[in-house]
There are 2 protein chains.
Amino acid sequence: MSLRHAALGLLSEGPASGYDLMKLFEVSLSNTWPATQSQLYAELGKLADAGLVDVVAEGPRGRKEYAITPEGLTELRRWITDVEPARATRSDMLLRVFFLAQISPERARGYLHRQAELSGKEAERLEGVRGFVESGTDNLSVYGRIALEYGLRISRAQQEWAEWAEEQIR
Amino acid sequence: MSLRHAALGLLSEGPASGYDLMKLFEVSLSNTWPATQSQLYAELGKLADAGLVDVVAEGPRGRKEYAITPEGLTELRRWITDVEPARATRSDMLLRVFFLAQISPERARGYLHRQAELSGKEAERLEGVRGFVESGTDNLSVYGRIALEYGLRISRAQQEWAEWAEEQIR
DNA sequence: CATTGCATGTAACGCGTTACATGATTAT
DNA sequence: ATAATCATGTAACGCGTTACATGCAATG
């Protein structure tokens, strides 16, 4: 039920079309909450039906510009403050760890080594993104940088864990 | 497509019924890959159709004991070594961060404070689990402890991030 | 004999992914 | 002209959740 709130959240910064939102997703939420175009268009339709957004303008090529309604803003705030974030995080990377006894110790170490590398690369990638979004004083940029810091810290922690884990296997 | 491999992985340690597997899930994989009873029974049926597991015994109350087949073991190993783990991790906790400008700074700090607390509690809970599974020399216990260490490190990192983030908001 | 535990399944619904389908407008 | 970009949608399929349905066997 969170794509709904992701869309509401982006619209809380100003009106936009589905197409605009899709681009916004790519540069902001994509690492936190990936969404596909199909999904987004469908969700905008449902949001409009529910009265949480309105179509405020229609442009060329059938463009529909959506704006959040007062009810939508209320719902967004309610979701932020009153709904407990889900705890369950599925990780197929970690799931494999449980079954490493089924492959040779060499391969198992190889697996963990590769995960350490991937996490390291991910951290570097995020450092790059940080350089790119350093300016930007709009809400999404300001809080996006806080979210980015999260990604960085988690990636580094994951890398260190994988390096540690690799050494545990003898 | 990972519940399939979770089931294969558990069966690689020995034959078990759906009911047994469900209990095993609860004490081992539940933090990494939650699964419901419906889902598991359905998946066992599909695995049997695909020849990756066999029904090796039928007991009282319609109990069916499943065992992994050589093909199943091959598939499990292929999945571990040849299939790249998914990178995308959705986090509705982090998604909310992007939209914190929509609530007051006090509330925003409150949100982050609460997340720090929750992560701290989660870390403590995992410390407790660690005390509980310290012995245990079977594969699942050995690798489960490595997975547990992951959860611990990530929880601590998350806690520290949330504490840091709270201070960023003025 | 009643409760608890063992044991398996079905049905409905929503979210997410992939692929497909269509067409208008702008820039070169 | 034609290619790139803008722009919206539909359809099929799979995974995951929740709720429901059923019944046997062991324990006290």
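Worth saying up front: this structure is predicted, and the values here are computed from it rather than measured. Residue numbers start from 1 in every chain, and the chains themselves are labelled A, B, ... in the order their sequence lines are given, proteins ahead of strands.
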How would you label the contact of [X] with the nucleic acid (heavy atoms, under 4.0 Å): base, sugar-phosphate, or nothing?
| X | answer |
| --- | --- |
| Arg4(A) | nothing |
| Ser17(B) | sugar-phosphate |
| Met22(B) | nothing |

Exercise. With distance as the sole criterion, do the side chain of Gln37(B) and the base of dT8(C) form a donor-acceptor contact below 3.5 Å?
Worked result: yes
Atom-to-atom span, [atom1] of [X] to [atom2] of [N] - whole angstrom:
| X | N | atom1 | atom2 | answer |
| --- | --- | --- | --- | --- |
| Glu43(A) | dG9(D) | CD | P | 14 Å |
| Leu40(B) | dC6(C) | CG | P | 16 Å |
| Leu44(B) | dG16(D) | CG | P | 14 Å |
| Glu58(B) | dG23(D) | CD | P | 19 Å |
| Tyr41(B) | dG16(D) | OH | C1' | 17 Å |
| Asp92(A) | dG16(D) | CG | C1' | 15 Å |
| Trp33(A) | dT17(C) | CH2 | C1' | 15 Å |
| Gln39(B) | dG9(C) | CD | P | 16 Å |

Quick one: is [N] close enough that its OP1 or OP2 comes under 4.0 Å of any side-chain N or O from [X]?
| X | N | value |
| --- | --- | --- |
| Lys46(A) | dG14(C) | no |
| Tyr19(A) | dC6(D) | yes |
| Arg61(A) | dT25(C) | no |

Problem set entry | Residue closer to the 5' end of DNA chain C, Pro34(A) versus Lys23(B) (nearest nucleotide) | Lys23(B)
For this session: Tell me which of Arg63(B) and Thr36(A) sits closer to the 5' end of DNA chain C, going by the nucleotide each one is nearest to.
Result: Arg63(B)
For this session: Could you tell me whether Glu58(B) and Lys64(B) have a side-chain N and a carboxylate O separated by less than 4.0 Å?
Result: no
Exercise. Any Lys/Arg nitrogen of Arg130(B) or Glu124(B) sitting under 4.0 Å from an Asp/Glu carboxylate oxygen of the other?
Worked result: no
Looking at the side chain of [X], which of [options] is the nearest nucleotide?
| X | options | answer |
| --- | --- | --- |
| Ser38(A) | dT17(D), dA24(C), dT18(C) | dT18(C) |
| Lys64(B) | dT8(C), dG16(D), dG16(C) | dT8(C) |
| Tyr66(B) | dG9(C), dC15(D), dG9(D) | dG9(C) |
| Asp20(B) | dA7(C), dT17(D), dT8(D) | dA7(C) |

Quick one: do the [X] and [Y] side chains pair a donor with an acceptor below 3.5 Å?
| X | Y | answer |
| --- | --- | --- |
| Arg63(A) | Ser17(A) | yes |
| Glu13(A) | Gln102(B) | yes |
| Asn31(A) | Arg90(B) | no |
| Glu75(B) | His5(B) | yes |

